[in-house]
Amino acid sequence: MSALPFPLAPEADELSIEAGRKLMTGQVEFLKGVVAMDGLPPADRMEVCFAGRSNVGKSSLINALTGRKALARTSNTPGRTQEINYFTAGDSHYLVDLPGYGFAKAPIPVVEKWQRLLKAYLSGRATLRRAFLLIDMRHGVKEVDAEIMRMLDTSAVTFQVVLTKADKIGAAAREKTLAQVREKLAKHPAAYPELVVTSSETGDGIANLRAIIAGLT
């Protein structure tokens with residue numbers, strides 16, 4: 001019997017969980033919002049980025065990871081934040097919040113500008129260790145997510161899928177979504193072969209994701 005493709009990430013051990021907690025809930029501060037490549041901070045430490053469709057729960061996840069209520073801005077208007085937002089985690093990591101994609105109300109020139117910035121960032125940031133691609137557990141991978149996956153493939157950036165809002169659906173629906181996500185990821189060479197299931201509401205998966213981030217080298 002072959003192993004399941006893209007299994008759930010194993011539970012981290014206590015030491016890894018504590019390392020993740022210290023990194024992600026310690027001295028985490030907003031550094032700057034970037035609208036062009038020349039505004040990026042110095043590439044003097046490792047960084048991870050978070051990408052996802054508008055309304056996928058990205059701000060809520062970042063707030064949950066860092067133990068803050070309002071570090072990342074949450075909004076009822078998808079696509080409101082059109083900057084690459086940089087946060088420092090101690091003096092060893094950058095956490096990078098990419099603008100939500102797939103929003104319908106933004107003017108086409110705005111969308112095109114952000115797509116150019118995103119491509120330039122993903123292909124030109126040597127210190128970027130991993131992109132965390134957020135997928136809503138209720139909806140699975142949409143075509144707009146697949147577009148970003150293809151961009152990550154061509155940028156040679158490893159990306160790991162983090163499923164959000166896992167508390168919003170039942171076990172059978174979860175398994176259906178996981179099967180769909182696994183099928184889609186099979187086409188993407190840059191996809192990291194473990195999934196993380198999270199809920200910002202209940203805290204499920206948060207400690208494990210912190211440990212994964214802290215364990216990157």
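Hydrogens, waters and symmetry mates play no part in the numbers below; they use all other heavy atoms, side chains included. Numbers for residues simply follow the sequence, beginning at 1.
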Practice item. Can you sort out the partners of Tyr192 under side-chain hydrogen bond (donor to acceptor under 3.5 Å, both in side chains), two or more places apart, ordered by chain and number? Key: none
**Study point:** Approximate separation, where rounding is to 0.5 Å, of Thr164 OG1 and Lys58 NZ
**Key:** 11.0 Å
Check your understanding: What are the two closest heavy atoms between Val34 and Gly39, and how far apart are they?
Key -> CG2-O, 3.5 Å
Practice item. State, to 0.1 Å, how close Phe6 and Ala191 come at their nearest heavy-atom pair, and which atoms those are. Key: CE2-CB, 3.8 Å
Check your understanding: With hydrophobic residues grouped by side-chain heavy-atom distances under 4.5 Å, do Ile17 and Leu23 end up in a single group?
Key -> no
Study note, to complete from the structure: Between the CD1 atom in Ile135 and the NZ atom in Lys184, the distance rounded to the nearest 0.5 Å is 11.0 Å
Check your understanding: Does the side chain of Gln115 come within less than 4.5 Å of Leu118's, by heavy atoms?
Key -> no
Practice item. Could you list all the ring pair (Phe, Tyr, Trp, His ring centres under 6.0 Å) pairs where at least one residue sits in residues 27-50, not counting sequence neighbours? Key: Phe30-Phe87, Phe50-Phe132
Point to revise | Atom pair CE/CZ of Met24 and Arg68 - distance to nearest 0.5 Å | key: 10.0 Å
Practice item. To the nearest 0.5 Å, tell me how far Leu65 CG sits from Ile213 CD1. Key: 5.5 Å
Practice item. Determine whether Thr25 and Thr66 make a side-chain contact, defined as any pair of heavy atoms from C-beta on separated by less than 4.5 Å. Key: no
Check your understanding: Among side-chain atoms of Asp167 and Ser199, is any donor-acceptor pair under 3.5 angstrom?
Key -> yes
Could you pull out every donor-acceptor pair under 3.5 Å between side chains of residues 145-153 and any protein atom, sequence neighbours left out?
unit_1: Asp145; atom_1: OD1; unit_2: Arg53; atom_2: NE; d: 3.4
unit_1: Asp145; atom_1: OD1; unit_2: Tyr101; atom_2: OH; d: 2.7
unit_1: Asp145; atom_1: OD2; unit_2: Arg53; atom_2: NE; d: 3.2
unit_1: Asp145; atom_1: OD2; unit_2: Lys142; atom_2: N; d: 2.8
unit_1: Arg150; atom_1: NH2; unit_2: Glu143; atom_2: OE2; d: 2.6
unit_1: Asp153; atom_1: OD1; unit_2: Ala190; atom_2: N; d: 3.0
unit_1: Asp153; atom_1: OD2; unit_2: His188; atom_2: ND1; d: 2.7

Practice item. Determine the minimum heavy-atom distance between Gly20 and Ala214, stating which atoms define it. Key: CA-CB, 3.7 Å
Exercise for review: For side-chain contact (heavy atoms from CB on, under 4.5 Å), just list the numbers for Val28 and His93, CA-CA rounded to whole Å, side-chain angles, deciding distance to a tenth of an Å, and then say yes or no.
Suggested key: CA-CA 9 Å; Val28 178; His93 286 66; over 6 Å; no
**Study point:** Qualifying residues under side-chain hydrogen bond (donor to acceptor under 3.5 Å, both in side chains), relative to Glu18, sequence neighbours excluded
**Key:** Arg21
**Study point:** side-chain hydrogen bond (donor to acceptor under 3.5 Å, both in side chains) partners for Arg138, two or more places apart
**Key:** Asp136
Revision key, fill the gap. When rounded to the nearest 0.5 Å, the distance separating CD of Glu83 from CG of Asp97 is 10.5 Å
Review point. Stepwise, does the side-chain contact (heavy atoms from CB on, under 4.5 Å) test hold for Val196 with Leu8?
Key: CA-CA 6 Å; Val196 185; Leu8 299 184; over 6 Å; no
Exercise for review: Determine whether Val197 and Arg174 make a side-chain contact, defined as any pair of heavy atoms from C-beta on separated by less than 4.5 Å.
Suggested key: yes
Check your understanding: What pairs of residues pass the salt bridge (charged side-chain N to carboxylate O under 4.0 Å, His left out) test when at least one of them lies in residues 113-129, not counting sequence neighbours?
Key -> Glu47-Arg125
Check your understanding: Is Met37 linked to Ile84 within one hydrophobic cluster, defined over Ile, Leu, Val, Met, Phe, Trp and Tyr using a side-chain heavy-atom separation of less than 4.5 Å?
Key -> yes
Check your understanding: Between Tyr86 and Val35, is there a shared hydrophobic cluster once you connect ILVMFWY residues whose side-chain heavy atoms come closer than 4.5 Å?
Key -> no
Point to revise | Minimal non-hydrogen separation, Gly33 against Asn85, with atom names | key: CA-OD1, 3.5 Å
Practice item. Quick one: do Thr198 and Asp204 satisfy side-chain contact (heavy atoms from CB on, under 4.5 Å)? Show the steps, please. Key: CA-CA 5 Å; Thr198 66; Asp204 284 354; over 6 Å; no
Point to revise | Common cluster, Leu209/Leu216, ILVMFWY with side-chain heavy-atom separation under 4.5 Å | key: yes
Review point. Considering only heavy atoms from C-beta outward, does the side chain of Val141 approach that of Thr177 to under 4.5 Å?
Key: no
**Study point:** Flag side-chain contact, heavy atom, 4.5 Å: Leu128 against Cys49
**Key:** yes
Review point. Can any side-chain N or O of Arg130 pair as donor or acceptor with the backbone N or O of Val48 at less than 3.5 Å?
Key: no
Check your understanding: Could you walk me through whether Glu201 and Lys168 pass the side-chain contact (heavy atoms from CB on, under 4.5 Å) check?
Key -> CA-CA 9 Å; Glu201 292 278 325; Lys168 305 294 186 193; 4.1 Å; yes
Exercise for review: Grab the two heavy atoms, one from Pro41 and one from Leu31, that are nearest each other, plus how far apart they are.
Suggested key: CB-CD2, 3.9 Å
Exercise for review: Find the distance between CE (Met137) and CD1 (Ile169) and round it off to the nearest 0.5 Å.
Suggested key: 5.0 Å
Check your understanding: Is any side-chain heavy atom of Gln160 closer than 4.5 Å to a side-chain heavy atom of Glu194?
Key -> yes
Exercise for review: Might you point out which heavy atoms bring Ala64 and Ile206 nearest each other, and give the distance in Å?
Suggested key: O-CG2, 3.8 Å
Practice item. Check whether any side-chain heavy atom of Leu134 sits under 4.5 Å from a side-chain heavy atom of Leu61, and report yes or no. Key: yes
Exercise for review: Report, as yes or no, whether the 6.0 Å neighbourhood of atom CG on Asp13 holds more than 12 heavy atoms from other residues, nucleotides or ligands.
Suggested key: yes
Check your understanding: So, is the end of the Arg45 side chain (NZ or CZ) under 6.0 Å from the ring centre of Tyr94 and within 45° of the ring's axis?
Key -> yes
Review point. So do Leu195 and Arg182 actually touch side chain to side chain, heavy atoms under 4.5 Å?
Key: yes
